[in-house]
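See structure below.
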Protein chains: 2
Amino acid sequence: MTNSGKTESKSDKAIDRVYNYVKLYIKTNAYSPSVRDICKGAGLKSTSSVHTYLRKLDDMGLIEYRPGMRRAIIIKNSDETQEAGLPADVVRLPCIGKITAGQPVYAFEDESDSFLVNASLFGNSIIGSEDAFILKVSGTSMINAHIMDGDYLIVRKQNSCQEGDIIAALIEDEATVKRFGYKNGIPYLFPENDMYSPIPFNTEGCRILGKVVGLHRYSIY
Amino acid sequence: MTNSGKTESKSDKAIDRVYNYVKLYIKTNAYSPSVRDICKGAGLKSTSSVHTYLRKLDDMGLIEYRPGMRRAIIIKNSDETQEAGLPADVVRLPCIGKITAGQPVYAFEDESDSFLVNASLFGNSIIGSEDAFILKVSGTSMINAHIMDGDYLIVRKQNSCQEGDIIAALIEDEATVKRFGYKNGIPYLFPENDMYSPIPFNTEGCRILGKVVGLHRYSIY
DNA sequence: TCCTGATAAGAACAAGTGTTTGACACCCGG
DNA sequence: CCGGGTGTCAAACACTTGTTCTTATCAGGA
């Protein structure tokens, strides 16, 4: 109204009312409103107008509007970077696949290859899917730290670490999980299993991928 | 219609299929199925049969079935309605608080007291928040099974178990996690720590809460 | 003023869907 | 064997609701 020369100002308000009413209605009733419900709720008198706006909202990606289906509107919660449909404090982390030429390759293709974690559990150190990844444990070299074969580790990316940290590191293009420490002033990666030997940590062939901050286990024996 | 009899054997199977399919459908699609959708999903060939069952389910109080409204079924019984904003394959499980008078009390009030898990990781055994809960480990009695103090266990509810299962059980109103097994034909709950002794499992004071199917750890040392 | 585009309305159409009716098959107790 | 209850089906009916078409209103520019 106050905007001179802007006919959109009026339409924007109507489309906003439609959007907000749909959100409110679904939240209140747990099912979608019909076009005529929205008419009343948004103060529009024609189903056709509502229909137009719903299509626009669908084009904008704000809702999902199935053609012909009754009461089947879905609100697409798009928080920009935030994955659609996830609460703000939850992050989906990619599961690391293999590592070639020093560059980890993430296995995104499968839903089961990603994990949801509550970001709040890690303070503010993991707020996006860029900050961490998942590494599946293979072998029992860390069994004394109670990390078992088949466990999924949450690794927060960082390129340095402190003595005693359990870290994921790249050794000659192979990802491994060990405890970082020193012996006689020399840095080592220590397995937590007497059957294995410490690995000298020489900065040439080794790279720190990150620190293990969490663990998921779905095979309980 | 007047409820006359109680011949359940056959109808219960179909009505269960209807109920489960409606739950699944809503969980998957975020809106209700139509009667004809349910026909296909529940293996019934007549909309009329489905209609009958829906009315019965409404009478039982399991769903809310609005006369005349399309796709407006609500699952009622329900912390079971899918949490708004979560993807279909993700379930938020409540963290068990304390146990009083034999009844576990769930601590729902705090977001940090609940966990998100990918339902797909557990096959179809966990599809709703009523199927499982989270139990925080206190103590080291299961350390040999690599379950540490402070770990969070995902416990699928069930009231029986097999030898060798790691289960959560109620012993004299106290929740505990042990491995179930037999010694000399007598059932015991075995700790996985030589410092502790097996606990005889007598059905009077003991109740099985569920089986441990997953583990989350957020304190890595 | 007249035209034009945007917005909204109203009506009509068509499809999806809830509901009802009637019928058939089956089981079970007389 | 019979009759009632139950579970299912098929089809028809009627209402809800998505969709489209046409028209009305209004603001701004030539």
Side-chain angles (χ1 to χ4, degrees), chain A residues 1-22 25-26 29-60 62-75, chain B residues 1-22 25-26 29-60 62-75:
Chain A
M1 328 219 136
T2 48
N3 272 351
S4 51
K6 280 245 176 188
T7 33
E8 320 163 24
S9 62
K10 224 162 134 197
S11 97
D12 273 3
K13 280 195 178 168
I15 200 171
D16 281 350
R17 285 202 309 275
V18 168
Y19 182 52
N20 289 328
Y21 184 73
V22 171
Y25 191 101
I26 292 182
N29 298 291
Y31 50 80
S32 294
S34 69
V35 173
R36 283 160 184 82
D37 287 333
I38 304 173
C39 272
K40 279 185 246 162
L44 290 166
K45 287 188 185 135
S46 167
T47 59
S48 148
S49 313
V50 172
H51 188 250
T52 308
Y53 290 132
L54 287 176
R55 273 233 285 251
K56 277 189 188 170
L57 287 168
D58 187 35
D59 286 346
M60 295 184 201
L62 290 173
I63 66 172
E64 225 169 281
Y65 187 47
R66 305 279 208 289
M69 273 213 175
R70 281 102 177 105
R71 294 184 182 276
I73 301 173
I74 297 179
I75 303 288
Chain B
M1 298 307 172
T2 51
N3 274 345
S4 35
K6 301 199 86 188
T7 27
E8 285 140 7
S9 54
K10 226 162 139 195
S11 98
D12 270 5
K13 279 190 185 165
I15 201 173
D16 281 352
R17 286 203 308 274
V18 169
Y19 182 52
N20 288 328
Y21 184 72
V22 171
Y25 191 102
I26 293 182
N29 298 291
Y31 49 80
S32 295
S34 68
V35 173
R36 283 161 184 82
D37 287 334
I38 304 172
C39 272
K40 278 185 246 160
L44 291 168
K45 286 189 187 136
S46 167
T47 59
S48 153
S49 311
V50 172
H51 188 249
T52 307
Y53 292 132
L54 287 177
R55 274 232 287 250
K56 278 190 187 169
L57 287 168
D58 189 33
D59 286 346
M60 294 183 202
L62 290 173
I63 66 171
E64 223 169 283
Y65 188 45
R66 304 280 209 288
M69 271 212 176
R70 280 101 178 106
R71 293 185 183 274
I73 300 172
I74 297 179
I75 304 289

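Quick note: numbers below take in every heavy atom, side chains included, and nothing from hydrogens, waters or symmetry partners. In the text below, chain A, chain B and the rest are named by the order of the sequence lines, each starting its count at 1.
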Minimum heavy-atom separation for A:A42 and A:R17, please, with both atom names. O-NE, 2.8 Å
Figure out the CD1/C1' separation between B:I38 and C:dG16, and round it to whole Å. 14 Å
Looking only at heavy atoms, what is the nearest atom pair of B:I38 and B:I73, with distance? CD1-CD1, 4.2 Å
Where protein sits on nucleotides 10-17 of chain D, one letter per nucleotide: B base, S sugar-phosphate only, - none, heavy atoms under 4.0 Å: BB---BBB
Under 4.0 Å from OP1 or OP2 of C:dT19: is there any side-chain N or O of B:H51 that close? yes
Is there side-chain contact between A:V18 and A:K56, with heavy atoms separated by less than 4.5 Å? no
Using whole Å, what does the distance between atom C1' of nucleotide D:dT20 and atom OH of A:Y65 come to? 12 Å
Could you tell me if the side chain of B:M69 sits less than 4.5 Å from the side chain of A:R71, heavy atoms only? yes
Looking only at atom types and distance, does a side-chain atom of A:R66 sit under 3.5 Å from a main-chain N or O of A:A72, one as donor and one as acceptor? no
For B:L54, which contact category applies under a 4.0 Å heavy-atom criterion: base, sugar-phosphate, or nothing? nothing
Measure from CZ on A:R55 to C1' on C:dT7 and round the result to the nearest Å. 16 Å
When rounded to whole Å, the OH to C1' distance for the pair B:Y31 and D:dG18 reads 14 Å
Residues in side chain to side chain donor-acceptor pair (under 3.5 Å) with B:Y21, at least two apart? none
